[in-house]
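If you read the sequence from its start, that first residue is 1, and numbering goes on from there. Bear in mind the structure is a predicted one, so any value in this text is a computation, not a measurement.
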Amino acid sequence: MRSGIVKKLLCCGAKGFPAESSDAVPEGHVRVNVGKEIVCKFEMQANYLNHPLFENLLRLSEEEFGYSYDGALRIACEIDLFQYVLHLLKTSNPSAHYMELPALFSKFYSANTRHLPEK
């Protein structure tokens with residue numbers, strides 16, 4: 001458990017924003033906060049928001065957070081899962097366009113379970 005938290009903190013530091021002095025988001029990008037317990041900030045291409053996988057993630061987020069909150073868009077999923085979705089979209093994986101959230105979760109968690117040490 002503890003190593004997972006350290007991993008997420010390192011991830012957030014490595015993948016988060018540069019210094020807070022730069023509040024500008026590049027044109028064509030949107031700022032999102034990802035996570036439920038530990039929140040990491042990301043910038044991603046705005047056109048990803050139109051992708052069916054993101055539309056489903058946004059529906060889950062609306063159920064979790066509602067529509068009323070301050071700041072950047074919030075995505076209610078694990079950081080690793082969000083990075084996996086970004087990877088699928090960046091590589092233009094055609095299967096990602098037709099993948100439903102339950103199938104995505106199943107594929108992601110089965111791939112990551114294989115790498116976990118046995119207790």
Side-chain angles (χ1 to χ4, degrees):
M1 174 84 175
R2 186 174 177 184
S3 64
I5 292 172
V6 171
K7 179 182 172 191
K8 285 184 171 61
L9 290 174
L10 290 173
C11 156
C12 291
K15 300 283 186 185
F17 294 120
E20 288 293 325
S21 61
S22 172
D23 281 341
V25 177
E27 186 174 332
H29 287 74
V30 63
R31 186 170 289 168
V32 295
N33 293 328
V34 179
K36 294 181 181 182
E37 295 175 20
I38 298 174
V39 177
C40 286
K41 297 177 182 180
F42 290 87
E43 287 179 1
M44 61 178 226
Q45 293 181 25
N47 64 338
Y48 290 165
L49 294 173
N50 293 322
H51 193 279
L53 281 176
F54 265 96
E55 290 175 358
N56 289 328
L57 284 176
L58 289 171
R59 280 189 201 93
L60 285 178
S61 299
E62 187 264 326
E63 291 171 11
E64 179 80 19
F65 304 120
Y67 286 113
S68 299
Y69 53 85
D70 292 329
L73 183 63
R74 289 197 66 187
I75 306 292
C77 74
E78 293 181 24
I79 296 160
D80 294 341
L81 177 62
F82 180 79
Q83 289 176 320
Y84 178 67
V85 170
L86 285 181
H87 167 75
L88 288 175
L89 297 178
K90 286 178 183 176
T91 60
S92 300
N93 187 327
S95 67
H97 191 75
Y98 301 102
M99 194 178 295
E100 296 290 329
L101 275 183
L104 172 74
F105 292 158
S106 176
K107 184 175 181 177
F108 174 76
Y109 290 116
S110 68
N112 285 315
T113 304
R114 282 185 244 140
H115 302 292
L116 293 177
E118 292 187 29
K119 294 182 180 180

Could you tell me whether the side chains of Tyr109 and Glu78 share a donor-acceptor contact shorter than 3.5 Å?
-> yes
Separation between CG (Leu86) and NE2 (His51), nearest 0.5 Å, reads 11.0 Å
How far does OG of Ser106 sit from CD of Glu100, to the nearest 0.5 angstrom?
-> 13.0 Å
What are the two closest heavy atoms between [X] and [Y], and how far apart are they?
{"X": "Asn33", "Y": "Lys41", "result": "OD1-CG, 3.2 Å"}
{"X": "Arg74", "Y": "Lys36", "result": "NH2-O, 4.3 Å"}
{"X": "Arg31", "Y": "Val25", "result": "NH2-CG2, 3.5 Å"}

Test side chain to side chain contact (heavy atoms under 4.5 Å, CB included) applied to Leu58 - qualifying residues, sequence neighbours left out = Leu49, Leu73, Ile75
Could you list the residues that satisfy side chain to side chain contact (heavy atoms under 4.5 Å, CB included) with His87, not counting sequence neighbours?
-> Thr91
Quick check: do [X] and [Y] have side-chain heavy atoms less than 4.5 Å from each other?
{"X": "Phe108", "Y": "Asp80", "answer": "yes"}
{"X": "Gln83", "Y": "Val34", "answer": "no"}
{"X": "Leu88", "Y": "Tyr84", "answer": "yes"}
{"X": "Leu53", "Y": "Leu101", "answer": "yes"}

Is it true that a side-chain atom of Ser61 and a backbone atom of Leu57 form a donor plus acceptor pair closer than 3.5 Å?
-> yes
Give the ring-plane orientation class for Phe54 versus Tyr48, where under 30° counts as parallel, over 60° as perpendicular and anything between as tilted.
-> parallel
Around Glu55, counting heavy atoms of other residues, nucleotides and ligands shown, do more than 12 lie under 6.0 Å from its CD?
-> yes
